[in-house]
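Structure record follows, encoded as structure tokens.
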Amino acid sequence: MWTKIAKFRSTPMPMRKLMLEALVYLAWARFLKMLPFAKVSPTLGSYMAETSYDLNRDQKWQGVQVSRALHRVSGHVFWETECMVMGMAAMKMLARRKVPSTLYLGMRRNQAGKVAAHAWVRSGAFYVTGAEEIEQYTVVGKFAKN
């Protein structure tokens, strides 16, 4: 535990603040995931719309930093932070910075024939969360936030 605290303290202050923000939004997103999706979906953005792949340099940098903070924090919390939780937290953090992003919802059948779902977030051409295995999923929904 002390090594984790020491590692956090040695992290530059801007990233520490971002990590604390990520902690708050991961908790917020985990709470939202417990609610019916029909209640949550209107807050996610414009349904079946996508944001542009073109961002300015500062917006690209913000997306990378948000991604780093979320991935650093998500492994150290006691609640589930799988794809949908990470995606909703990323969308909120990017929206606070006025960085456009799109949340994608995908489905596929796994090898056992069961349906598997996945969520990922793209900002510009950069995948902020959930980029692993996205080519295996068929997009069934998307939400754009400008």
Side-chain angles (χ1 to χ4, degrees), residues 1 3-5 7-8 11 14-146:
M1 179 172 141
T3 57
K4 289 181 183 181
I5 292 171
K7 189 174 181 179
F8 180 76
T11 302
M15 180 52 75
R16 273 198 254 173
K17 288 179 180 179
L18 203 56
M19 289 169 67
L20 290 172
E21 181 185 342
L23 179 68
V24 168
Y25 282 118
L26 285 168
W28 169 82
R30 181 61 185 105
F31 170 75
L32 286 183
K33 189 177 174 202
M34 293 186 295
L35 301 175
F37 188 71
K39 298 278 186 193
V40 176
S41 63
T43 68
L44 297 176
S46 302
Y47 181 62
M48 294 309 281
E50 286 187 280
T51 55
S52 172
Y53 280 81
D54 297 324
L55 296 179
N56 66 42
R57 198 167 79 180
D58 183 55
Q59 290 173 321
K60 289 176 188 177
W61 176 248
Q62 292 289 334
V64 169
Q65 292 300 91
V66 165
S67 179
R68 285 179 181 161
L70 284 167
H71 284 94
R72 284 183 180 184
V73 172
S74 67
H76 300 285
V77 295
F78 60 86
W79 60 86
E80 174 267 315
T81 59
E82 290 182 2
C83 58
M84 189 63 176
V85 172
M86 291 275 284
M88 288 190 294
M91 292 277 289
K92 189 68 171 177
M93 290 177 73
L94 291 167
R96 282 197 57 206
R97 290 159 178 76
K98 297 183 180 7
V99 177
S101 60
T102 304
L103 172 71
Y104 295 90
L105 305 175
M107 305 281 288
R108 71 173 172 106
R109 291 210 180 268
N110 64 18
Q111 292 176 350
K114 294 187 178 183
V115 173
H118 187 50
W120 61 96
V121 172
R122 178 188 57 78
S123 180
F126 178 68
Y127 289 96
V128 180
T129 65
E132 62 283 341
E133 303 177 1
I134 60 175
E135 65 279 347
Q136 296 177 14
Y137 291 86
T138 301
V139 174
V140 294
K142 48 191 165 185
F143 296 88
K145 199 157 228 177
N146 286 310

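If you read the sequence from its start, that first residue is 1, and numbering goes on from there. Remember, it's a predicted structure, so these values are computed and weren't measured experimentally.
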Item to check | Rounded distance [0.5 Å steps], CZ in Arg96 versus CD in Gln62 | outcome: 10.5 Å
Checklist outcome for this item: Closest non-hydrogen atoms of Met48 and Gly141, given as atom of the first, atom of the second and distance, are SD-CA, 3.7 Å
Next on the checklist: Quick check: closest heavy atoms across Ser101 and Val121, and the distance to 0.1 Å?
Outcome noted: CB-CG1, 4.0 Å
Next on the checklist: Restricting to non-hydrogen atoms, name the atom on Val128 and the atom on Gly63 that form the minimum distance, rounded to 0.1 Å.
Outcome noted: CG1-O, 4.0 Å
Item to check | Non-hydrogen atoms of Arg16 and Thr11 that approach each other most closely | outcome: NE-O, 3.0 Å
Next on the checklist: Within this structure, what is the CE-OH distance for the pair Met93 and Tyr25, rounded to the nearest 0.5 Å?
Outcome noted: 8.0 Å
Checklist entry - Can you tell me how far the CZ atom of Arg30 sits from the CE atom of Met88, to the nearest 0.5 Å? => result 8.5 Å
Checklist entry - Are any non-hydrogen side-chain atoms of His118 and Arg108 less than 4.5 angstrom apart? => result no
Checklist entry - Any ion pair linking Glu21 and Arg97 (charged N to carboxylate O, less than 4.0 Å)? => result yes
Checklist entry - For residues 92-113, which residue pairs qualify under ring pair (Phe, Tyr, Trp, His ring centres under 6.0 Å), counting only residues two or more places apart or in two chains? => result Tyr104-Trp120
Next on the checklist: Let's go through Phe37 and Leu105 carefully: what are the C-alpha distance in whole Å and the side-chain angles of both, what is the deciding distance for side chain to side chain contact (heavy atoms under 4.5 Å, CB included) to 0.1 Å, and is it a yes or a no?
Outcome noted: CA-CA 12 Å; Phe37 188 71; Leu105 305 175; 3.8 Å; yes
Next on the checklist: For the CZ atom on Phe31, are there more than 12 heavy atoms of other groups (residues, nucleotides or ligands in this structure) within a distance under 6.0 Å?
Outcome noted: no
Checklist entry - Hey, what do you get for CG (Asn56) to CH2 (Trp61), rounding to the nearest 0.5 Å? => result 14.0 Å
Checklist entry - Taking atom OG1 of Thr102 and atom CZ of Arg122, what is their separation to the nearest 0.5 Å? => result 4.0 Å
Checklist entry - Between Met86 and His71, is a side chain to side chain contact (heavy atoms under 4.5 Å, CB included) present by the stated rule, with each step listed? => result CA-CA 8 Å; Met86 291 275 284; His71 284 94; 3.7 Å; yes
Checklist entry - How many angstroms lie between CG in Leu103 and OG in Ser123, if you round to the nearest 0.5 Å? => result 12.5 Å
Item to check | Flag, side chain of Lys145 to backbone of Thr43, donor-acceptor distance under 3.5 Å | outcome: yes
Checklist entry - Between Tyr47 and Ser41, is any pair of side-chain heavy atoms under 4.5 Å apart? => result no
Checklist entry - Between Met84 and Ala119, what is the shortest heavy-atom contact and its length? => result SD-CB, 3.8 Å
Item to check | Worked check of side chain to side chain contact (heavy atoms under 4.5 Å, CB included) between Val115 and Arg109 | outcome: CA-CA 4 Å; Val115 173; Arg109 291 210 180 268; 3.4 Å; yes
Item to check | For the student: nearest non-hydrogen atoms of Leu44 and Met91, plus distance | outcome: O-CE, 3.1 Å
Checklist entry - What do the steps show when you test Val85 against Glu80 for side chain to side chain contact (heavy atoms under 4.5 Å, CB included), and what is the final call? => result CA-CA 8 Å; Val85 172; Glu80 174 267 315; 3.7 Å; yes
